Amino acid sequence: MGRKKKTQVFVLKPWCWYCEREFEDEKVLLQHQKSKHFKCQLCPRKLHTAGGLMVHSQQVHKCDPEPLTNTLPGRDGYDIEIFGMEGVPTNALAEWKARKEGEAGTAALAAAAAAKRPRHSYTVIPEADLAATLAQHKMLMASRTNVSMPRFENPAAFNYGGAPPPFSNPPFSNFPPGFPMPPPTFAPGAPPPTMPPQFRPPFPPAGMPHFAGSSPLPPGVTPPLPGAASPLPPFRPPTFVPQQPQVALVEVQPPKDGVIWPDTTASPAEKRAQQPRYRYVSPTPGEAAPDAALGAIGSEAELTRKRKAAADFLDIKPHNFLVLPDRRLLLTDFGSAAELDLHIKHLPRHQCSVPVGTPDYIAPEILRMAEDALVHLARSCHSRDQPSTRDQGYGSDVDWWSLGATLFEMAVGIAPFWADSISETYELITNFQVRL
Amino acid sequence: MSGDLSLQPPTDGISSMAWSPDSNRLIVGSWDGNMYLYHMAAPPQPPARLSHPAAVLAVAFGSNPTIAFSGGLDKRVREWDLASGQCKVLGKHDDAISSIVWCAEYNVLITCSWDSTLKVWDPSAETGLALRSTHTLPSRAYILSYAPSSQNLVVSMAHRDVHVYNLPALATAVEGQVLEPAQKRESALKFLTRSLACMADGQGWASSSIEGRIAVEYFDPSPEVQASKYAFRAHRQTVDGADHVFPINAIAYHPIHNTFASGGSDGFISIWDHKSKKRMKAYPKYPTSVSALAFSPDGSKLAIGASYEHDNALSAEEQGRVMVLIKDTVMEDCRPKAKA
């Protein structure tokens, strides 16, 4: 007890509240308190507690006791009864603990561990895991059916709307979000899709290498967006529970005591039948289940229909597809959609200064143009000229990119540009080499 | 393994196998969603493939070698005309169909399902009227086994439930009638029943559990006969000092010698004589788990389906192997030894 273990588990040593000295052992602490603090100054008697010393003084020496000896200033009173570590005021204890942890560096480590996104392997996820995730998700959905809005686990992490950067709202919110918000579907990584307008912060906060290198600002000019964004804490998506298959329905128990199949409730065949590749979709209506291949076909059709309706969707991701009971797909969340028509295939450039979409599915041209806009804005602080309205921005192609990323995630189980942080994701997207 | 005739295997695990009454055809149900029909011809022929919308879990032949039945994860009971490859849906269960038996004496098909029901079908009835009766079971049903000589049908279920039905009563029951099983038992084994087969003489059955153990039980409820039931351990291995206990996936009784074969996830097949309580033969290890076993009705061949059972028994690289083998030495191998 009492020392820092290799595993970084911080163990508090016993310490004396009166003089803030640490001890290896509680026994030694008691000895110390007896001889240093609870010693009668009129006789050789040593007492166990401050109260004991007071009673001793009053009864033996018939006088009020002297203040306790050898204490830190302000801690020489008799009002607090302390015996070893017993009776130490809780606030003092917490303060001490925080201080010690800070000294040991574990506080920083713990914070880093909490903030770090869980490690994701890029290998193909075993089907059992996928099935487990699906079952888990279904359970989650079932439990949420009466909750109209998805709840944030950590609302503080999503306070971007509260302190908007200069042009946080997209200038082209032509479509009010007319559809009910879909609850988050594929849990990993992406935050709930209810924050206007970008849901995940559009850009990494100031100081991220991606932008530090790419905005050559003259000295003395404060870049407006990073400046505005700097008071915000570095964004981290809420740490989510790693996708452990928790649902007993699907989970295959590992061998126990040498018994290869220790599960006594279900046969291997039943567990096997729950794997996605054996799942059977009954052709009778009302028994439908999502199907990745079907989803792909359906979503392309829907997207084409959307194209005919002449709108740029801009936020295609698994979360925004709802599967109807008749196995058609419903596209939702038009909060960031922009109107296009058959003649105007691209948005005007000045409307492309803010990245809209969800980071994992965002197209590189959106990022590039937003970055250009930033640079432009920084340069134009003096000249005050606007980006030309005639310049072409991005067009409907960005939707195809998002759909591709979505299909990739549906097939592989992880978003194609998944990384530990959003800035890394952005870097992966912008540096992606198209190879066919 | 040497000496076994190897047939072209399915592309995914084997769930069930059945021989035609003339012992010339073998059907194999597979998790790849197909039923494979093999003809026992001199040079092995590639099988005919009868495709289903989902994995096939149970197959059975009818009285005629051109009629077969199948069921699986698509919940439908299918009757196949093997000559034309046409299929007819007799009806459906509410969950996957786990086992099918054909009772030639009564011309009825009996199916059981994970929906905890047993259904009796009359395939000769008009379309849509094939269902003769439905019987609710206490748990999900896994295995059916029929002993023609004593006309008993054993249903093995989850939670170690075992019901024995008297076939004449079952075959003549009408829809809506509540038919009590002739016997309600609990498995003699403490773990989930993995496989079960009735003795060729109809006196009882052998069942195996996921925990490497085989029990031999008898139908006769009299105390002296019941006292003779027993269980023993099998399909275990000691690997690096640790005891490994494998599920026993398949049990099949030899139709003539009344001895049985057991196949486990350890890849071994053993032949046992339940009367002398002896193992008569242990075949060399197969490279993957044994999923299904079936003796041909003439007793000359043993069909062996070997594939991974998704039960943790194999390492990832071994899991892809699927084999269909025919062993033709079983007439000798299964002959009980003369008492010394």
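Note that this is a predicted model, so its numbers are computed, not measured. All chains are named by letter (A, B, ...) in the order of the sequence lines, taking the proteins before the strands, and each is independently numbered beginning at 1.
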Inset, instruction - Go through S98(B), P53(B), A55(B) and name the one with the most non-hydrogen pairs under 4.5 angstrom from chain A. - result: P53(B)

Legend entry - Value rounded to 0.5 Å, distance of CD1 in I260(A) from CD in E211(B): 11.5 Å

Inset, instruction - Write down the atom of T264(A), the atom of F191(B), and the distance for their closest heavy-atom approach. - result: CG2-CD2, 3.4 Å

Inset, instruction - Could you tell me which portion of A242(B) (side chain, backbone, both or neither) has an atom closer than 4.5 angstrom to a non-hydrogen atom of chain A? - result: neither

Legend entry - Straight-line distance of E270(A) CD to L192(B) CG, nearest 0.5 Å: 8.0 Å

Legend entry - CH2 on W261(A) to CG on D311(B), rounded to 0.5 Å: 7.0 Å

Inset, instruction - Return the minimal non-hydrogen interatomic distance between W114(B) and A273(A), and the atom names on each side. - result: CZ3-CB, 3.6 Å

Inset, instruction - Could you walk me through whether Y278(A) and D12(B) pass the side-chain contact (heavy atoms from CB on, under 4.5 Å) test, one step at a time? - result: CA-CA 11 Å; Y278(A) 296 123; D12(B) 200 351; 2.5 Å; yes

Legend entry - Top of R194(B), H244(B), R140(B), H159(B) for chain A proximity - count of heavy-atom pairs under 4.5 angstrom: R140(B)

Legend entry - Heavy-atom closest pair, residues P268(A) and E309(B): CB-O, 3.4 Å

Legend entry - With F268(B) via ring pair (Phe, Tyr, Trp, His ring centres under 6.0 Å) - residues at least two apart: none

Legend entry - Options T193(B), V245(B), D95(B), ranked by heavy-atom pairs under 4.5 Å with chain A, top entry: V245(B)

Inset, instruction - Can you measure from CH2 (W31(B)) to CD (Q275(A)) and round to the nearest 0.5 angstrom? - result: 8.0 Å

